[in-house]
Protein chains: 2
Amino acid sequence: MAARAGVARKTVSNVINNYPHVSDDVRARVLAAIEELDYRPNHAARSLRSGRSRIIGLAVPELDVAYFSELARLVVEVAQKRGLTVMIMQTLGDRDRELAVVNGTSTQFVEGLIYSPVALGGADLEGRRDRTPIVLLGERSSQGLVDHVGIDNVAAARTATEHLIEIGRRRIAFIGSQRAATSEIAQLRTAGYRQALESAGLKVESRLIIPTAGYHRKDGLLAMRKLLKRAGGPPDAVFCATDLVAQGAIRALLEHGLRVPEDVAVAGFDDIDEGRYSTPTLTTISPDKRQIAETAVDRLLARAQSKTDLPVNDTVTGFTLVVRESTAGRTASG
Amino acid sequence: MAARAGVARKTVSNVINNYPHVSDDVRARVLAAIEELDYRPNHAARSLRSGRSRIIGLAVPELDVAYFSELARLVVEVAQKRGLTVMIMQTLGDRDRELAVVNGTSTQFVEGLIYSPVALGGADLEGRRDRTPIVLLGERSSQGLVDHVGIDNVAAARTATEHLIEIGRRRIAFIGSQRAATSEIAQLRTAGYRQALESAGLKVESRLIIPTAGYHRKDGLLAMRKLLKRAGGPPDAVFCATDLVAQGAIRALLEHGLRVPEDVAVAGFDDIDEGRYSTPTLTTISPDKRQIAETAVDRLLARAQSKTDLPVNDTVTGFTLVVRESTAGRTASG
DNA sequence: TTGTATGCGTTATCAT
DNA sequence: ATGATAACGCATACAA
């Protein structure tokens, strides 16, 4: 206990939480004592008593997927500005882990959770008993149940595909439609791709739509190899569901002796830093990650602070198309 | 309190902590009640009372630097197997944030901390009052003060440089010596580079050693541009302090019309996934990240569980040289 | 084997 | 403006 040397007793608490009505004299003494004794409030006790922890959770599928690590960095930065600490968790897209996160089994002490779902759908969130505020990222699987922040995936995919059409490509493939029908993101991006083709009067060929198991470089590599084996010859452009998939696809194209973008133009999705330096640099859809991070943290904060139930909010954040060498310019090497 | 419907009172605690002497009958009833009421032990209360939290901290400079995100992924996986949750923090290499982490100001409730230092040196750790166990990663700045896990950076850098010599290169540059003299890693890797050159009877030319501000792609790009402007013409090989630096350097070489590896061979350090798919794929030093993660977590666990003070431990983990296209094979495109 | 009382360090409530 | 007291929910020691 901090009935510290100086004098005061639990006025310490007031000082620490800078309660307004404390005389400068007392405050100074307490502060001095804190410094001297290297006193540090006990987080567990404080949290137990007050019910607040100043910690928010961030649950993502994989920490080493660049999109999520870049997002995590931003969420931590934004939270820090708001005086919050972030507890980052990794679900690996595993259903049990996601349930544990959402139901607080492994999260009881966070004041709110920013969560990027993979395995869970609306039904799972409906039965939720935990009262912790949640903000969903990416998948909009649970319409109207909890807050959501993300871009318009259909519009973004359409924009990317339209760009490929504008540069004169006609045989445009899509990689990353996802085998499991559970992925809403995959469906939305596929839809945007289809819309762009149809609007341009181009035929949607199912053999040019390649599903993947995941969204890693390897998935892109394997999918592109498969595509190149199919009858009809290679496409003249490919839109990939993520930048990582695009990098893998490019690798497969080069292995096959095809040039990017001369023979095949490639566009990705996410705008990870890698694409600004790779060979060729990667054309991509750039979601406003900072806006996503800020909106998500602020939403959580609003809910945590409000006593009344706030209406469910769905914020649609911005994106831009970033054109780089993989669809347009000359490559660095030529 | 959970004097739950069923019958028992605070035997609940016994059941939850699976205290051995509980009759099956009672245990079953308690378990049922827990399920029924969706009871969840309060983390704060438990932690306050027991002094343990089952949470460890991981503090890295930047979450979106691939080496750290890959390491974070592994640490989380290993910790999960040991029944621990990981609280990941980001210091941004900022001295104040690192001090806060090390002194528990923003960490009081973790049982141990795995910490990758950037701004702090031995002196800072010496004055530490916090009793939380720490395992240092990478920098060995505080010899003998706290546990440390990491590879032999000198030997690894020497191995990489020797490889460049073996494939016939003679004018070998090093990028990433770091401006600030504080970086021990930079010094060690530079030392290994020098050793290899000297052993081979090659001259160490200071104009071939380029310092960088950080270890990002951009730093590599800028450093290589600077190197290419210097008198004496381009080197025939470059060893880079990290893979990201190497990717930036390769980009600068291609911009300059030079081929990798034909004109300039490039080797990196870290073995991040990107290097397995980039064009060209990247030769690199591959530290055993899983071993690092496992050793670090286990060390923490050992200290947290032991009542007595354990002797300070410094574990040297393994590494391998992975040869890829950037120094050897044919590139995918040719 | 199970129940009872006490206290972990803090904040909230209420007096003063 | 400050001080005393209770309570947060659990685990521990001990009694039953």
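Chain letters run A, B, ... following the sequence lines, proteins first and then strands; every chain starts at 1.
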Checklist entry - What integer distance in Å separates Ile16(A):CD1 from dT11(C):C1'? => result 11 Å

Checklist entry - Nearest to the side chain of Ser50(B), which nucleotide is it out of dT11(C), dA11(D), dG9(C)? => result dA11(D)

Checklist outcome for this item: Taken to the nearest whole Å, CG/Leu48(A) to P/dT10(C) is 12 Å

Next on the checklist: Any base atoms under 4.0 Å from Arg40(B), or only sugar-phosphate, or nothing? Heavy atoms, all strands.
Outcome noted: sugar-phosphate

Next on the checklist: Ignoring hydrogens and geometry beyond distance, is the side chain of Arg49(A) in donor-acceptor contact with the base of dA7(D) at under 3.5 Å?
Outcome noted: yes

Next on the checklist: Taking Arg73(A) first and then Glu77(A), would you say they form a salt bridge - that is, a charged N and a carboxylate O separated by under 4.0 Å?
Outcome noted: yes

Next on the checklist: In this structure, how many angstroms lie between the C1' atom of dC8(C) and the NE2 atom of His43(A), rounded?
Outcome noted: 15 Å

Next on the checklist: Tell me which one of Tyr67(B), Tyr115(B), Phe68(B) satisfies side chain to side chain contact (heavy atoms under 4.5 Å, CB included) with Val60(B).
Outcome noted: Phe68(B)

Checklist entry - Are Asn17(A) and dT11(C) close enough that a side-chain N or O sits under 4.0 Å from OP1 or OP2? => result yes

Checklist entry - Passes side-chain contact (heavy atoms from CB on, under 4.5 Å), Asn313(B) versus Arg299(B)? Steps please. => result CA-CA 8 Å; Asn313(B) 179 288; Arg299(B) 210 87 265 295; 3.1 Å; yes

Next on the checklist: If I take atom CG in residue Asn14(A) and atom P in nucleotide dA4(D), what distance separates them, rounded to the nearest angstrom?
Outcome noted: 13 Å

Checklist entry - According to a strict under-4.0 Å criterion, is Arg46(B) in side-chain N/O contact with OP1 or OP2 of dA11(D)? => result yes

Item to check | Proximal nucleotide (of dA12(C), dT12(D), dG9(C)) relative to the Arg52(A) side chain | outcome: dA12(C)

Checklist entry - Atom CZ of Phe109(A) and atom P of dC10(D): how far apart are they, to the nearest Å? => result 16 Å

Next on the checklist: Do Ser69(B) and Asp64(B) have side chains that approach each other closer than 4.5 Å (heavy atoms only, starting at C-beta)?
Outcome noted: no

Checklist outcome for this item: Of the candidates dT10(C), dT2(D), dG9(D), the side chain of Asn42(A) sits closest to dT10(C)

